[in-house]
Enquirer: 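Sharing a structure below in structure tokens format, with a few things to ask.
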Amino acid sequence: MLELNVVEQVEQQLKQAIEQAVLAANLANQDELPEVILETPKDKNHGDYATNMAMQLARIAKKPPRAIAEEIVKQVNQEEASIKSIEIAGPGFINFFMDTSYLTDVVSTIFEQGKHYGETNDGGGEQVQIEFVSANPTGTLHLGHARGAAYGDTLANVMTKAGYEVEREYYINDAGNQIDQLALSIDVRYAQAFGEDKEMPENSYRGQDIIDLANQLAEEYGRQFLEMQESERLAAFREHGLNHLLEQIKQDLEAFRVPFDTWFSERSLYDENRVTGAVDALRERGYVYESEGAVWFRSTDFGDDKDRVLVKNDGNYTYLTPDIAYHQDKISRGFDQVINIWGADHHGYVTRMKAAIQALGYEDLLDIKITQMVNLFENGEKVKMSKRTGKAVMMKELIDEVGVDATRYFFIMRSNDAHLDFDMDLARSESNDNPVYYVQYAHARICSMLRQAEEKDVDIDATPDLSLLTAEKEVDLLKRLGDYPQVISEAATRKMPHRIPQYVFDLASDLHSFYNAEKVIDTDNMELTQARIALMQATRVVIEDALNLIGVHAPEKM
RNA sequence: GUCCCGGUAGCUCAGGGGAUAGAGCAACAGCCUUCUAAGCUGUCGGUCGCAGGUUCGAUUCCUGCUCGGGACACCA
């Protein structure tokens, strides 16, 4: 168990002091007492903390908020809660100006905890599985996949930091109709590689990746596949295609710094009769019927707008059926929480997937997060992203053009709920405007100062007198550093990893402001220099940690 | 028609039951004999899509409407 950090301790004390004051002033009795809500005002003139308690009590105490506020203020024990002064403002806010000496404890805490600073216990060791990307192995990863990869990976990192046990999984759709289409597509491209005039079938994959693959096979194996019987040849292409494309996907993800713990094969479900098992399980529970030669799942019993086919009248499963078996498997593995990250084009499956889980009698521990569309703009025009037109921009191209750091930062910076316009021209030509450089520069700047401090024989390891850190920009920086655990907590529990880049940008901004306002290394004032160097080291630790969470490097020089 | 996401500054977007709604970019004006100017400081810029409702208080929550994007196969 983690102990309360310094900021939490101070807030806790303040809340208690307010509660006691309200009771002492007879404004409410114990069970009427509203929860104390503390906020940190945006405007510094409104103090370090503010509470709306007086407004909340207006109805209970039947008095105007400002009068209530005055009574509360009279009763607050300032000393016990480290309060320097109190003001009443606006419609009845009570603003607290704290004795900010507590803030310097943040620096010592960061020194003690190092990269563990910011860890919280929100997860309490809960087992969480996050399944993401899971692109079909019928082509290479494109822009949309990159967004899901960045979001999922960062969410996993943040939740881990918040005390969850996270497992990352990729579901490989290596069975089903799309793999047959893949084999057919390779077949045509392979024949074309030998100059044969063969038409692409209707649902084929027309991307450059398949052409490349076919050419590669032609080069490596010569004409030998042409000698085979069609069924044998297609089977070979199916395996070659799968292996090659899956390998490609793995490489791309690795380059994008996205690791997975488990690669789950759809085929393994068939090998163990899990798919039939899932249909049987649904049937036993009475949610399966037959009609028009097909087998149906009565998902309308669970809020879906129509029933769904499980087995087509040609005897094949639909996409949904193995997916139900897969989710049955996931849930049976004993996770406390299962998170799926899907692209917006799959949102229509949310209801039926959740329906299936309910129909199977499982508790609803599935949370499906949707990442909205990414629109790519190039030369002022929207580029279509269809895999089948072959015009998609691949994740790898994007990385090569703008780099992993910028790409990841861009994707994670935005809420997953918002559509994203990715302007290639802007990313290419003006990448220096990218906020990621701003943050990285802050880190590099600190490293530079630390190097210089060493050259000038500043004793970096001395125990500094942190109470010297009282300048305005120092206090801003200290407060921001103190916010970090709270940011982690919200980003993890609300599954909003975009809070991290926002935070680290603000932190970098505080650092740059401080840097311009105060001189850190002053050989005539070693005590202050040591205190400031300590502050710089603490800031560096947090910037690096936050950047690590979003998968961006923290350079020591730029 | 049904469902999902969005509508906040000129642009790209944060935020979110409370006090004067924020940032970056763009525009304008300053700051390098001083630890990296990839930086800092300031100015300009808003009916938070519209209309009701809940509330002491709504840009935030609820309902309806509207605009934009997407999804609605016995494809995957």
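Every value quoted in this text rests on a predicted model; they were computed, and no experiment measured them. Letters A, B, ... mirror the listed sequences (proteins, then strands); counts begin at 1.
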Enquirer: NA contact type, A:Gln440, heavy-atom cut-off 4.0 Å: base, sugar-phosphate, or nothing?
Expert: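 Contact class for A:Gln440: none.
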Enquirer: Name the pairs: protein N/O against N/O of nucleotides 18-22 of chain B, kept only if under 3.5 Å.
Expert:
{"from": "B:G18", "atom 1": "N7", "to": "A:Asn52", "atom 2": "ND2", "distance (Å)": "3.1"}
{"from": "B:A19", "atom 1": "N6", "to": "A:Asn95", "atom 2": "OD1", "distance (Å)": "3.1"}
{"from": "B:A19", "atom 1": "N1", "to": "A:Asn95", "atom 2": "OD1", "distance (Å)": "2.9"}
{"from": "B:A19", "atom 1": "N1", "to": "A:Asn95", "atom 2": "ND2", "distance (Å)": "3.1"}

Enquirer: Return one dot-bracket line describing RNA chain B 5' to 3' (Watson-Crick or G-U wobble pairs, both distances under 3.5 Å; ( ) same strand, [ ] crossing, | another strand, . none).
Expert: (((((((..((((....[...)))).(((((.......))))).....(((((..]....))))))))))))....
Enquirer: Just to be sure I understand the rule, does A:Arg499 reach a base, reach only the sugar-phosphate, or reach nothing, if contact means heavy atoms closer than 4.0 Å?
Expert: sugar-phosphate
Enquirer: Which part of the nucleic acid does A:Lys456 contact within heavy-atom distance under 4.0 Å: base, sugar-phosphate only, or nothing?
Expert: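 No contact at all - A:Lys456 keeps every heavy atom at 4.0 Å or more from the nucleic acid.
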Enquirer: I'd like the P distance from B:C44 over to B:G22, given in whole Å.
Expert: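 Looking at atom P only, B:G22 and B:C44 are 13 Å apart.
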Enquirer: Mind checking whether A:Tyr317 and A:Tyr270 have parallel, tilted or perpendicular rings, split at 30° and 60°?
Expert: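 Judged by the thresholds at 30° and 60°, the geometry between A:Tyr317 and A:Tyr270 is tilted.
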Enquirer: By ring pair (Phe, Tyr, Trp, His ring centres under 6.0 Å), which residues pair with A:Phe93, not counting sequence neighbours?
Expert: none
Enquirer: Can you list, in residue-number order, the parts of residues 513-522 of chain A that come under 4.0 Å of RNA chain B, counting heavy atoms only?
Expert: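 Only A:Ser513, A:Tyr515, A:Asn516, A:Glu518, A:Lys519, A:Val520, A:Ile521 qualify.
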Enquirer: Using only side-chain N and O atoms of A:Arg445, determine if any of them is under 4.0 Å from OP1 or OP2 of B:A38.
Expert: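 It does not, given that no N or O in the side chain of A:Arg445 lies less than 4.0 Å from OP1 or OP2 of B:A38.
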Enquirer: Enter syn or anti for the glycosidic conformation of B:C56, syn applying to angles within 90° of 0.
Expert: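 Nucleotide B:C56 adopts anti.
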Enquirer: Roughly how many Å apart are B:U54 and B:G18, using the C1' atom of each and rounding to a whole number?
Expert: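 Comparing C1' positions in B:G18 and B:U54 gives a spacing of 16 Å.
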Enquirer: Suppose you measure atom C1' in B:G30 against the same atom in B:A14; what distance do you get, rounded to whole Å?
Expert: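 Approximately 28 Å lies between the C1' atom of B:G30 and that of B:A14.
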Enquirer: Give the rounded distance in Å between these two atoms: OH of A:Tyr438 and C1' of B:A37.
Expert: 13 Å
Enquirer: Could you work out the separation of B:G42 and B:C25 based on their P atoms and round it to a whole Å?
Expert: 14 Å
Enquirer: With a 4.0 Å cut-off on heavy atoms, is A:Ala442 in touch with a base, just the backbone sugar-phosphate, or nothing at all?
Expert: nothing
Enquirer: Show me the protein contacts with nucleotides 2-5 of chain B, counting only N or O atoms at under 3.5 Å.
Expert:
{"from": "B:C3", "atom 1": "O2", "to": "A:His347", "atom 2": "NE2", "distance (Å)": "3.2"}
{"from": "B:C4", "atom 1": "O4'", "to": "A:His347", "atom 2": "NE2", "distance (Å)": "3.4"}
{"from": "B:C5", "atom 1": "O4'", "to": "A:Gln372", "atom 2": "NE2", "distance (Å)": "3.3"}
{"from": "B:C5", "atom 1": "O2'", "to": "A:Asp417", "atom 2": "O", "distance (Å)": "2.2"}
{"from": "B:C5", "atom 1": "O2", "to": "A:His419", "atom 2": "NE2", "distance (Å)": "3.3"}

Enquirer: Salt-bridge test for A:Glu39 and A:Lys15: reply yes if a basic N is under 4.0 Å from a carboxylate O, no otherwise.
Expert: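 Here A:Glu39 does not pair with A:Lys15 in a salt bridge, since their nearest N and O are not under 4.0 Å apart.
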Enquirer: Rounded to the nearest Å, what distance is computed from the CD atom of residue A:Glu290 to the C1' atom of nucleotide B:C74?
Expert: 13 Å
Enquirer: Roughly how many Å apart are B:A29 and B:C13, using the P atom of each and rounding to a whole number?
Expert: 29 Å
Enquirer: What's the closest nucleotide to the side chain of A:Asp345 if the choices are B:A71, B:C74, B:G39?
Expert: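 Per side-chain heavy atoms of A:Asp345, the pick is B:A71.
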Enquirer: Expressed as a whole number of Å, how far does the P atom of B:C48 sit from that of B:U59?
Expert: 7 Å
Enquirer: Residues two or more places apart in sequence or in another chain: which of them pass salt bridge (Lys or Arg N to Asp or Glu O under 4.0 Å) with A:Asp301?
Expert: none
Enquirer: Would you measure the distance from the C1' atom in B:G70 across to the matching atom in B:C11 and give it in whole Å?
Expert: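 Each nucleotide's C1' atom is 23 Å from the other's.
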Enquirer: Does any part of the side chain of A:Val475, heavy atoms only, come nearer than 4.5 Å to the side chain of A:Lys479, both counted from C-beta?
Expert: yes
Enquirer: May I ask you to verify if any side-chain N or O of A:Arg532 is less than 4.0 angstrom from the OP1 or OP2 atom of B:C35?
Expert: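 Result: no.
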Enquirer: Counting any heavy atom closer than 4.0 Å, what does A:His346 reach on the DNA or RNA strands: base, sugar-phosphate only, or nothing?
Expert: base
